[in-house]
Amino acid sequence: MSRTTFRNGTVLTAAGPVTADVEVAAGTIVAIGKAGSGGDEVREIDCGGLWVGPGFVDIHTHLREPGHEYKEDTESASRVAAAGGYTSVVAMPNTDPVIDSGHLVRYTIERGREVGLVEVASAGCVTAGRAGEKLAHLDDLWAAGVRLFTDDGDVVADAGLLRRAMDYLAQLGGVLAQHAIDPGLARGGHMHEGPVASGLGMYAIPSAAETVVVARDIELVRLTGCNYHVQHISAAPTVELVAAAKREGLPVTAEVTPHHLAFTDGDVQATDPAFKMMPPLRSAADRAALVAGLQSGVIDAVATDHAPHADHEKDVPFEHAPNGVIGLEWAAAVVNDRVGLDPVRFFEAMSVKPAAIARIANQGHWLATGAPANITAFDPKGVTDVRQSRSKSRNAPYFGRRYAGAVKYTMYAGAMTHEESGVLV
Ligand SMILES: [Zn+2]
């Protein structure tokens, strides 16, 4: 039987970080402590200086399968995810067809299993056809394994419909995840409303487009008791709303993307479509609030919103370009570089909290004997030099930049899926 020992790393356990060896056999962590010399059957990996913790979990990935495989597919996205230290991703349901029924959930999960590089979970639509008019078959989606329900790409705008969804999900124990952007306030806008947009003469989207939705939705959480998750939070006032909801004891969580932690609307000055996404990059003060929110835990998790688009779609004038950027490969380095979390909060934000929000049973566990061997070894002093991507798409603002921190090893279900030299198959 093949065994692996991660030697001498800073190991993230439930009791905190300890310097130890982590022994893995048959897909499970069999010991944490001081390993003996392993003999011929053991692969030993020197993890001196590395943080060795639970594999990262991305609760906001656009696999683009089915329907848009020219942008990305389950196989390419899985390679990208493994290279980024991820052992699980949650697929967003705005595919073609949209994931609003159990059989498409099962298809998505099964494709992930076939590829076998990460655990693929699937979100499901809140509304049928993602059309915002009537509820999807939430019980059918639940039975197929969906725990996170979202019309991502669009907000669930109708408060009555949302209330019914929340009533139902509160009974099931599911999570309503909201792409919180008011369509009226966002209409026609391409970037954050502020001095930069004024200078460029560009139609813009105020922070209030996000804040009014979250404020309304929190009222509905009070009414229904439903678990509620703010996707890709972008504005300082929204961080305040989430903080207040948490102080009140409401079941409200939030995620932030690496790009909102790394950039501001000032970076849109050159109108490069690699900086166009929804919600838009906001002001420096908003970015500072997101960084502080992630540090304090008001913002629970990092989620990539990995959203591939082909060159012919994205390499057009800014106003005509689709929203979205890729980021699974570099998320950990960007977060380490731009936020500077201690190892406990880092693995909480990258793994433990997202797995808990999306209720992925085998992921996000502090390392312990008997836990599934989903492990990422991260070098906080390494360098990630962004020059190329394993994605089918290249739409990202990170190219040509260097970030402090590097994913050295990713192990999924006991098998090494990434080493710094490249993705293993
Ligand atoms: Zn979204």
Side-chain angles (χ1 to χ4, degrees), residues 58-64 67-68 71-72 77 89-96 98-100 121-127 129-132 136 146 148-158 162 165 175-187 189-192 205-214 216-217 228-235 238-239 242 252-261 263 273 275-282 286 290 299-309 313-314 321-328 331 354 357-358 393 395-397:
D58 187 38
I59 55 176
H60 199 138
T61 303
H62 296 279
L63 295 177
R64 301 302 194 206
H68 302 115
K71 299 175 194 253
E72 196 81 290
V89 299
V90 178
M92 289 294 107
N94 61 337
T95 45
D96 183 14
V98 298
I99 303 174
D100 65 352
S122 182
C125 293
V126 178
T127 69
R130 216 172 63 81
V146 171
L148 199 77
F149 295 77
T150 177
D151 275 3
D152 185 51
D154 287 298
V155 65
V156 180
D158 182 315
L162 183 65
V175 184
L176 192 299
Q178 182 74 292
H179 168 105
I181 299 165
D182 181 84
L185 286 171
R187 188 170 298 129
H190 302 292
M191 64 175 293
H192 174 61
I205 303 166
S207 294
E210 175 177 277
T211 312
V212 296
V213 172
V214 174
R216 176 199 72 172
D217 290 359
Y228 175 76
H229 179 69
V230 182
Q231 297 179 294
H232 41 52
I233 191 168
S234 70
T238 320
V239 179
V242 171
V252 172
T253 53
E255 67 183 36
V256 62
T257 71
H259 44 273
H260 287 103
L261 293 167
F263 302 110
F275 293 88
K276 185 176 181 186
M277 66 284 291
M278 191 67 89
L281 298 169
R282 298 207 182 273
D286 290 307
L290 299 176
I299 298 172
D300 302 81
V302 172
T304 66
D305 196 2
H306 179 84
H309 291 295
E313 298 167 313
K314 198 69 166 167
N323 290 306
V325 300
I326 61 173
L328 277 166
I357 290 166
S393 296
N395 53 309

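The structure displayed is predicted, hence computed values, not measured ones. Both ligands and their constituent atoms are indexed starting at 1 by order of listing.
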Q: Can you tell me how far the NE2 atom of His68 sits from the CG atom of Asp96, to the nearest 0.5 Å?
A: 5.0 Å
Q: I need the Thr253 OG1 to Ile357 CD1 distance, nearest 0.5 Å.
A: 4.0 Å
Q: Sequence neighbours excluded, which residues qualify as ring-ring contact (aromatic ring centres under 6.0 Å, His included) partners of His60?
A: His62, His232
Q: Could you grab the distance from atom CD1 of Ile205 to atom CD1 of Ile181, nearest 0.5 Å is fine?
A: 6.5 Å
Q: Measure the spacing between CZ of Arg282 and CD of Glu210 and express it to the nearest 0.5 Å.
A: 6.0 Å
Q: Give every protein N, O or S atom lying under 2.8 Å from the Zn ion (ligand 1), naming each by residue and atom.
A: Asp152 OD1, His179 ND1, His232 NE2
Q: Is Lys314 reaching over with its side chain to a backbone N or O of Pro322, donor-acceptor style, under 3.5 angstrom?
A: yes
